[in-house]
Amino acid sequence: MIPLRIKVEANADQPFVVRLRSFEAGACEQRTEELNPFDAALGRVGPEGADYVGQGGPIRILGIDPSKVDGDVLLVNPRRGTADRLIRSSSQHNTFLVTERCDQVCLMCSQPPKKHHVDLFPHFEAAALLAPEGATIGISGGEPTLFKARLFEFLGRVLDARPDLSFHVLTNGQHIEEDDRGAMSRIDQGRVVWGIPLYSCDPTVHDQIVGKEGAHAQLLKNLALMCRLGAQVELRTVLMRPNADGLPRLARFIASTVPFIQTWAIMQMENIGFGRMNWKTLFYDSSAGFDVVGRSIDLVRSRGIDAWLYNFPLCTVPEPYRHLAPATISDWKRAYREECDTCSLKAPCGGFFEWHPASHGYSNLGAIQ
Ligand code: SF4
């Protein structure tokens, strides 16, 4: 698995953001004009680590080849001797975890909520401004809009300063309200997609899945408001046993009640966090029961709404729907099985989450020749 946290040594009291420039040793002098104050250039590589130096002082990276972190933006925690790779320059899957707090307790949550919160927005802003040209940055949690004033301010400032960047914000959609009209209008909504989960058209089923009474009603109210505010919404539905049978009804509901959404993503489960705890009761074998998925996709697409399959191994999807199943599992947590080595679809296939169990649960799975 690609490491998101690496070991470092740095002489500083407080966490700081730095971008690594792994120019070949000796080439640094010629390239200094390309460096900005957050950059640290590679000076020397030895058995003890790779030494970088910048205006913020020296920093040593341990246990990873400098060529693999060239252009990466790190949040360095000198006291812990670690650095989080906030932006990996070679990746399309960079996400800032804004908070671990959440007001919902979803049955399959991959990142179970925690009470503790540290505001890292100043570091996220510094990191975003150093992102590669044209990057899309993910924002997730916990629930990022629990700190919506800070979030709006962050999005507005970064989007103003970097017209090439865009954001994908994962939110439960519970907290956007009429009073946010001013703040939302200051953000270029054309460059933000709001990924919002809706699990069922039945309020009881949705509320049980998210562990919050009244969540469904609040969400529908807020979806309409977000639409009026010009937000681009990607509705997300994790497919599970409690909502699988109702998927076609949800599809009809989406087409008739919230047709203003930009896309609908039907997603396979992730076996981690609460998802692992509840796997046996929740995992839905879509390779055996694809019918509800296929009918739902056909229905919304026939009404002109984009619908996609996220996190589905291609061999579990009938051939006519495979083009709707992009490789969505982030590169750092993507894995393949032994049988994938001989599969002709390995390149376009997103495979599995690294932590997907060996007894994978799909009754139809295997290399496609
Ligand atoms: S065998 Fe592996 S690579 Fe091929 S489609 Fe299935 S999961 Fe993807």
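Counting convention: from 1, in listed order, for ligands and their atoms alike. Here, residue 1 is the first one in the sequence, and each next residue gets the next number.
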Legend entry - Short N/O/S contact of C349 with atom 8 (Fe) of ligand 1 (below 2.8 Å): yes

Inset, instruction - Compare all side-chain heavy atoms of T237 with those of M267 and state whether any distance is below 4.5 angstrom. - result: no

Inset, instruction - Please indicate whether K7 has more than 12 foreign heavy atoms, meaning atoms of other residues, nucleotides or ligands, lying under 6.0 Å from its NZ. - result: no

Inset, instruction - Enumerate the atoms of ligand 1 whose separation from the nearest heavy atom of G366 is less than 4.0 angstrom. - result: 1 (S)

Inset, instruction - State which residue, out of F124, F121, F167, fulfils the ring-ring contact (aromatic ring centres under 6.0 Å, His included) condition with F96. - result: F124

Inset, instruction - Check ligand 1 against C340 and write out every atom of the ligand that is under 4.0 Å from a heavy-atom position of the residue. - result: 1 (S), 2 (Fe), 3 (S), 7 (S)

Legend entry - Enumerated ligand 1 atoms positioned under 4.0 Å from heavy atoms of A367: 1 (S)

Inset, instruction - Decide whether a cation-pi geometry holds between R85 and W332; the criteria are a distance under 6.0 Å from NZ or CZ to the six-membered ring centre and an angle within 45° of the ring axis. - result: no

Legend entry - Interfacing atoms of ligand 1 (cut-off 4.0 Å, heavy-atom, P313): 7 (S)

Inset, instruction - Please confirm whether R337 comes under 4.0 Å of ligand 1, counting heavy atoms of the residue only. - result: no

Inset, instruction - Using only heavy-atom distances, determine whether the side chains of S286 and Q268 contain a donor-acceptor pair under 3.5 Å. - result: yes

Legend entry - F352 neighbourhood, listing ligand 1 atoms whose heavy-atom distance to it stays under 4.0 Å: 7 (S)

Inset, instruction - Could you tell me which atoms of ligand 1, counted from 1 in the order shown, lie closer than 4.0 angstrom to a heavy atom of C315? - result: 1 (S), 5 (S), 6 (Fe), 7 (S)

Inset, instruction - Using a 4.5 Å cut-off on heavy atoms from C-beta on, say whether the side chain of Q189 contacts that of Q232. - result: no

Inset, instruction - May I ask you to check whether W279 and H356 place their ring centers less than 6.0 Å from one another? - result: yes

Inset, instruction - Around atom 4 (Fe) of ligand 1, find the nearest protein heavy atom and jot down its residue, atom name and distance. - result: C343 SG, 2.4 Å

